[in-house]
Number of protein chains: 2
Amino acid sequence: MIQSVDRALHILDLLKNNPRGLGVTEISKSLDVAKSTAHRLLMSLERYGYVQKFGKDAIYRLGLKFIEMNQVVVENLNVVEIARPYLEKLSADTGEIVHLVMLDGYEIVYIDKVDNNSTIRIYSQIGRRAQLHCTGVGKAILAHFDKSNITRFIENNDFRSYTPNTIVDGQALLSELEKIRIDGISFDNEEHEPGIQCVAAPIKDHRNHVQYAISVTGPLTRMTKEKLETCIPKLRETAQNISRQLGHFL
Amino acid sequence: MIQSVDRALHILDLLKNNPRGLGVTEISKSLDVAKSTAHRLLMSLERYGYVQKFGKDAIYRLGLKFIEMNQVVVENLNVVEIARPYLEKLSADTGEIVHLVMLDGYEIVYIDKVDNNSTIRIYSQIGRRAQLHCTGVGKAILAHFDKSNITRFIENNDFRSYTPNTIVDGQALLSELEKIRIDGISFDNEEHEPGIQCVAAPIKDHRNHVQYAISVTGPLTRMTKEKLETCIPKLRETAQNISRQLGHFL
DNA sequence: AAAGCGGTTCCATAATACGGAACAATGTAA
DNA sequence: TTACATTGTTCCGTATTATGGAACCGCTTT
């Protein structure tokens with residue numbers, strides 16, 4: 001909207017695509033502006049460290065300021081806050097309870113919960129902990145561990161059974177996780193509480209790591225096949241949107 | 001130099017110092033410009049993802065573009081290339097040979113060497129490997145391992161002796177490393193080759209990790225006490241400058 | 001209901017960024 | 001060696017373009 005700012009930021013994109021650097025002339029041609037203009041823009045960018053001049057042939061590259069800025073951005077990425085509006089929408093669209101959980105050690109912690117008919121934060125289950133093997137969200141996160149960590153986790157744990165459906169066999173869990181990783185979606189078919197079913201999806205961060213997951217939870221009676229059919233795409237999309245907001249670009 | 005670009009980049013600095021976000025009015029006051037101007041600048045920044053608007057109260061924060069840009073910058077950080085001019089200067093100032101080494105596994109590899117009287121790259125020693133305990137650069141890097149990694153390294157290795165001065169005793173090495181970490185400088189007093197002495201300093205990257213080190217090397221006859229007195233500050237400064245160029249801000 | 005306080009939009013003005021030309025520095029070809 | 005080509009940098013008059021102010025809109029408070 002502001003010509004000169006637009007052009008300056010355009011230069012940064014240009015340099016992003018040419019990380020080895022570009023000269024003033026090349027840049028001016030790409031932007032279709034006079035050399036002097038490109039030069040002036042580069043001076044401004046250089047002053048702030050967004051661009052760095054190399055060698056006596058004056059090749060310009062992206063500067064170190066980006067590293068500095070990145071740290072601030074990443075430090076202030078707050079999942080709960082970012083996820084909130086998406087979770088509210090998901091809950092409203094599905095009419096079910098939506099959870100956000102986070103990995104802590106080898107357990108998950110519920111860090112947010114949205115009920116379908118209120119935007120007030122309900123602290124009822126927030127802070128509750130659960131194991132990885134018996135919840136949709138837990139399995140969604142576990143499925144994205146390193147292969148070696150998964151086997152280690154399975155070998156070193158006895159899995160407590162909560163319902164007849166809880167997966168307690170290591171081999172069964174392993175193949176379930178494999179499926180989950182491919183699908184990008186995991187289920188909880190009364191594995192933790194009888195009568196309660198849920199669908200979950202992982203949240204990926206800027207390093208492509210999975211530390212969070214979200215789920216849509218409902219009583220078995222309401223979670224019909226048709227209902228799930230409509231929930232899953234919405235869940236997928238929501239998880240993707242949140243991931244993107246956390247800097248996940250892949 | 002370009003007013004509008006300057007102002008735009010100034011806003012980014014402002015938001016960097018207020019990571020929780022600022023409103024248009026606040027920003028316009030800080031920059032001492034009209035609200036409309038600040039608003040227009042923000043629109044341009046937002047278009048490119050450098051700024052993100054949150055909530056209906058229109059709080060602006062740093063955007064995710066920085067994460068994207070950071071990746072490109074970090075990926076293209078090339079130590080050898082960046083260090084070159086600094087190494088040349090250091091060699092010219094000291095009149096001695098300067099080395100750049102890199103950690104690879106539990107060994108170091110010489111990845112650059114600058115002779116005092118030529119700017120031509122000499123491949124004679126580049127690629128040579130050495131152990132960590134017997135060189136100045138090796139100890140400089142080793143000293144910055146995690147405490148647990150250091151003890152593990154010392155416990156699991158028998159240290160080969162190259163000269164009478166080589167440190168082969170675990171305890172002796174441990175206390176030497178402690179000293180090095182405090183000083184920020186390490187020495188090689190004929191520990192690897194008789195008659196050769198050197199001073200080394202670690203290079204730190206954008207994550208405060210030490211993967212590289214540089215050294216000034218010379219024959220014992222030339223490396224007098226007085227000579228070292230002048231070399232060390234230059235070495236320190238060079239190491240700092242290179243670290244900064246690699247995104248080390250601390 | 002009205003006032004206050006944010007963000008956003010619009011517009012006339014003149015300040016400001018622009019392009020072009022001249023210059024400097026470097027490398028290349030004759 | 002000279003002349004030429006190419007690239008980065010500086011300067012300046014012009015008119016394009018960013019600017020500030022006023023008006024507007026939506027929200028909250030009293």
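Every chain is numbered from 1 and lettered A, B, ... according to where its sequence line falls, protein lines coming before strand lines.
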Between [N] ([atom2]) and [X] ([atom1]): distance, integer Å:
{"X": "B:E46", "N": "C:dG7", "atom1": "CD", "atom2": "P", "answer": "13 Å"}
{"X": "A:R40", "N": "C:dA21", "atom1": "CZ", "atom2": "C1'", "answer": "14 Å"}
{"X": "A:D57", "N": "C:dG27", "atom1": "CG", "atom2": "P", "answer": "9 Å"}
{"X": "B:I27", "N": "C:dG7", "atom1": "CD1", "atom2": "C1'", "answer": "12 Å"}
{"X": "A:L42", "N": "D:dG8", "atom1": "CG", "atom2": "P", "answer": "10 Å"}
{"X": "A:K29", "N": "C:dG19", "atom1": "NZ", "atom2": "P", "answer": "15 Å"}
{"X": "B:Y60", "N": "C:dG6", "atom1": "OH", "atom2": "P", "answer": "15 Å"}
{"X": "A:K35", "N": "C:dA25", "atom1": "NZ", "atom2": "P", "answer": "15 Å"}

Ionic contact status for [Y] with [X], cut-off 4.0 Å:
{"X": "B:K16", "Y": "A:E75", "value": "no"}
{"X": "B:R7", "Y": "B:D32", "value": "no"}
{"X": "B:E96", "Y": "B:K234", "value": "no"}

message: Let me spell it out: for each of A:G23 and B:L41, pick the nucleotide of DNA chain D with the closest heavy atom. Which residue's pick is nearer the 5' end?
response: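 Counting from the 5' end, the first nearest nucleotide belongs to A:G23.
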Which residue lies more 5' along DNA chain D, comparing A:I59 with B:A38 via nearest heavy atoms: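 The 5'-side residue here is A:I59.
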task: Consider the side chain of A:V24, meaning its heavy atoms from C-beta on, and name the nucleotide among C:dG19, C:dC10, D:dT9 that approaches it most closely.
output: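 Closest nucleotide to the A:V24 side chain: D:dT9.
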- request: Identify, residue by residue, the members of residues 2-16 of chain A with a heavy atom below 4.0 Å from DNA chain D, and return them in order of residue number, or none.
  value: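 Heavy-atom contacts with DNA chain D come from A:I2, A:Q3, A:S4.
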Nearest atoms (heavy-atom pairs only) where B:K204 meets B:S243: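 Heavy-atom minimum between the residues: N-OG, 2.9 Å.
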field: B:S44 versus A:L9, closest heavy-atom pair with distance
entry: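 Looks like O-CD1, 3.7 Å.
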Under-4.0 Å side-chain N/O to phosphate OP1/OP2 contact, B:H39 with C:dG7: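 No, no such contact exists.
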query: Which part of the nucleic acid, if any, lies within contact of A:T25, taking any heavy atom under 4.0 Å across all strands shown: a base, the sugar-phosphate backbone alone, or nothing?
result: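 Since only primed, P, OP1 and OP2 atoms lie under 4.0 Å of A:T25, the category is sugar-phosphate.
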Residue pair B:D205 / B:H248, side-chain donor-acceptor N/O under 3.5 Å: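 Side chains of B:D205 and B:H248: no pair found under 3.5 Å.
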task: Tell me, please, whether B:F249 has B:R244 positioned over its six-membered ring: NZ or CZ under 6.0 Å from the ring centre and within 45 degrees of its axis?
output: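 Judged by the rule, B:R244 and B:F249 form no cation-pi pair.
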